[in-house]
Amino acid sequence: MKRCSLFFLFSILCLYSKAQSPEIIKIRQVRENSEKNWIQEFTALLLIPNIAADTNGLNFTANHIMNMMRSRNIDHVQLLRANTKNIPPAIYGEVITPGATKTIIFYAHYDGQPVDSTQWAKGFNPFKPTMVNGSLERGAQIVPFTDVVTSYNPDWRIYGRSASDDKAGVMAILAAYEAIVKCNNKLNYNIKFFFEGEEEAGSTHLAEIFQLHSSLLQSDGWIICDGPIHQSGKRAIIFGARGDAHVNVTVYGPIRPLHRGHYGNWAPNAGLMMAKLLASMKDEKGKVIIKNFYTDTKPLTLEEKAALAQIPPMGNKMKAELKFINQEMLGVSLEEAILIPSLNINGMQSGNVGKKASNVIPIAASAVLDLRLVPGNDYKRQQEKVLAHIQLQGYHITPNEPTDAERATYAKIAKVNLTDGYNAQRTSMNNPFAKKIISAVRSTTKDSIVLLPSMGGSLPLYIFEQILKVPTVTVPIANHDNNQHAENENIRIGNLWDGIETIAAIMMMK
């Protein structure tokens, strides 16, 4: 009993000593002395519009990041382009370490999601970063940047598009390298930097960039800095990402709007048709009932199941935070739900509502279906399953607007367009590269870290594995409630500081 107690105490002391390693303490000291400069640099980056469809904005963003890299004496800073014209380039740079025999590449993306400024909090501009002394949802107030003399409260937040997704990733990677240089800590790997400009547009040309520049991008593994940490607030390592594809569906009623009183109960209502079609895809327990939707799903490994069992359960906490009681998939935890193929409705449209509502039978109804994939699923095959289900509901499928001849022949018509997508990817937790990442991240904190088999979101990580033949491990830094892709996107300042330490620890790993 005494021996066990001593072993337990030794384990705790080892864990604590790792958290207080001299290298990380030095990094923290550099950060404490650099906070004001780094926040100014970060907000300057957030000022530049970076919407995925805005070529000029992305070019300005890329040039700005290249200057940030050059100011840190990163070598061979350049743009990696695809052959396809007018495609946002990737940004590349490298630091060759004398005597190093292995190379790691750090990834983030500099493009952002579209914005609707009218949906942001009053007085907030998506491209005018604003600091707040907490979360807006909890009544926090604006703090002018000029009010801060030296240091920032870690619970304060900076609001702005891409503040968390993923300019925070770019900033954390560059600041981590800067801190290592300033405190003369040792690098054991060659370090490469890769910042993508097309992630929010589906990374459609990432494979082309990889193929064209494969010799430059040779490495022993990639660190992906994107996404939120675990909802518990603990640092996380993620070993994969779900794949993603979309199905766009439109169903049709009469060719022109009809008065609801004159033609209701007689003319087909496209809104009701769409509601029935969507309802036919899931049962009351949230299970997708499209034929064979789950059949090709690859089961979890023993290591992944063990890691899943250790993840702090956050379902009840998140229900309270998000103000709902019922969950969609009954009997399935939040942690399990993101490891299952899903079908979600991204949006629906049919007629008008609110002040614009009118007494008409809508002529059409549209929906965007989002398919999230896990290992074993092929995105084209999943799309085809949805297509077959729509046909089983009695619909004639067309990729175009229906012709008069089709309207005269078929009672139910659906225009279906299938988008490009990508498959899921997962790195083995037993991979030697992955184990080194785990050890490095554990050295930054006295708390336990969360090991997630996969993130719920999607990244085209299968392309890295397919073309470059190397493992990827995702190390997120953003707070879980960062509102990425939506209005009032934000980054908690403490998460940015922790992220810098985490990335620095990985850069310095043995």
Side-chain angles (χ1 to χ4, degrees), residues 24 27-28 31-32 34-47 108 112-113 120-121 124-145 147-148 150-176 179 225-238 312 314 317-318 320-322 441 444-447 449-450 452 455-457 474-505:
I24 293 301
I27 296 295
R28 190 170 302 149
R31 186 264 297 168
E32 290 171 349
S34 305
E35 285 190 12
K36 197 165 183 66
N37 288 337
W38 282 350
I39 290 296
Q40 288 176 347
E41 186 178 25
F42 183 50
T43 54
L45 179 60
L46 293 178
L47 281 167
Q113 281 280 318
W120 285 60
F124 281 68
N125 183 324
F127 293 108
K128 184 180 179 182
T130 305
M131 188 163 61
V132 175
N133 62 356
S135 169
L136 284 179
E137 293 180 357
R138 300 180 181 90
Q141 302 296 314
I142 293 175
V143 178
F145 287 102
D147 284 4
V148 180
T150 53
S151 62
Y152 296 80
N153 187 314
D155 285 326
W156 290 1
R157 302 184 184 211
I158 297 175
Y159 281 74
R161 175 52 88 229
S162 297
S164 60
D165 186 19
D166 188 28
K167 287 180 178 177
V170 174
M171 187 68 216
I173 291 169
L174 296 181
C225 188
D226 195 6
I229 63 171
H230 191 249
Q231 294 92 341
S232 64
K234 295 183 177 181
R235 303 185 194 198
I237 301 174
I238 306 172
M314 299 301 298
K317 176 182 181 295
M318 292 307 300
E321 180 178 318
L322 299 172
V441 176
T444 66
T445 176
K446 60 186 178 182
D447 295 327
I449 62 174
V450 178
L452 295 165
M455 67 168 64
T474 299
V475 181
I477 67 171
N479 40 296
H480 80 276
D481 56 350
N482 66 78
N483 281 24
Q484 66 185 96
H485 293 194
E487 63 273 11
N488 303 329
E489 181 179 353
N490 66 88
I491 183 74
R492 179 180 169 272
I493 292 176
N495 282 76
L496 183 59
W497 299 156
D498 290 346
I500 291 169
E501 290 184 9
T502 300
I503 297 299

Taking every heavy atom of Ile500 against every heavy atom of Ala176, the minimum-distance pair comes out as O-CB, 3.5 Å
Considering all heavy atoms of both residues, which atom of Asn495 and which atom of Ala478 are nearest to each other, and what is their separation?
ND2-C, 3.6 Å
Does the Asn488 side chain pair with the main chain of Ala486, one donor and one acceptor, at a distance under 3.5 Å?
no
Would the distance check show the side chain of Arg28 and the main-chain N or O of Glu501 forming a donor-acceptor pair, the cut-off being under 3.5 Å?
no
Tightest non-hydrogen contact, residues Ile238 and Met455, listed as CG2-N, 3.1 Å
Let me confirm one number: the OG-NE2 distance from Ser164 to His485, rounded to the nearest 0.5 Å.
8.5 Å
Spacing of NZ belonging to Lys167 relative to CG belonging to Leu47, to within rounding of 0.5 Å
8.0 Å
Audit row: Thr130, Trp120, side chain to side chain contact (heavy atoms under 4.5 Å, CB included) steps and yes/no
CA-CA 12 Å; Thr130 305; Trp120 285 60; over 6 Å; no
Can you tell me if Lys128 has over 12 outside heavy atoms packed within less than 6.0 Å of its NZ?
no
Could you check whether any side-chain heavy atom of Gln231 comes within less than 4.5 Å of a side-chain heavy atom of Glu321, counting everything from C-beta outward?
no
Closest non-hydrogen atom pair, Pro129 against Ile158
CB-CG2, 4.1 Å
To the nearest 0.5 angstrom, please state how far the OG1 atom of Thr43 sits from the CE atom of Met171.
9.5 Å
When rounded to the nearest 0.5 Å, the distance separating CG of Asn482 from OG of Ser135 is 11.0 Å
On the 0 to 90° scale, with breaks at 30° and 60°, tag the Trp38-Trp497 ring pair as parallel, tilted or perpendicular.
tilted
Salt bridge (Lys or Arg N to Asp or Glu O under 4.0 Å) assessment of Asp481 paired with Arg157
CA-CA 11 Å; Asp481 56 350; Arg157 302 184 184 211; 2.9 Å; yes
Closest approach of Met131 and Trp156, non-hydrogen atoms and distance?
SD-CE3, 4.0 Å
What verdict does the side chain to side chain contact (heavy atoms under 4.5 Å, CB included) test give for Asp165 and Asp226, after you've listed the backbone C-alpha separation in whole Å, the side-chain angles of each residue and the deciding distance to 0.1 Å?
CA-CA 7 Å; Asp165 186 19; Asp226 195 6; 3.0 Å; yes
Would the distance check show the side chain of Tyr159 and the main-chain N or O of Leu136 forming a donor-acceptor pair, the cut-off being under 3.5 Å?
yes
Quick check for you: to the nearest 0.5 Å, what is the distance between Asn37 atom CG and Arg31 atom CZ?
14.0 Å
Show, in sequence, the C-alpha distance, side-chain angles and deciding distance for Glu32 and Ser151, and conclude whether the side chain to side chain contact (heavy atoms under 4.5 Å, CB included) test is met.
CA-CA 7 Å; Glu32 290 171 349; Ser151 62; over 6 Å; no
CD of Glu35 to OG1 of Thr150: how many Å apart, nearest 0.5 Å?
7.5 Å
Quick check: does any side chain N or O of Glu489 sit under 3.5 Å from a backbone N or O of Arg161, one acting as donor and the other as acceptor?
no
Under 3.5 Å, is there a donor-acceptor pair linking the side chains of Asn479 and Arg492?
no
Would you call Glu137 and Asn483 a side-chain contact if the rule is heavy atoms closer than 4.5 Å?
yes
Compare every heavy atom of Gly169 with every heavy atom of Cys225, then report the nearest pair and how far apart it is.
SG-CA, 3.7 Å
Any side-chain heavy-atom pair of Asn133 and Asn153 under 4.5 Å
no
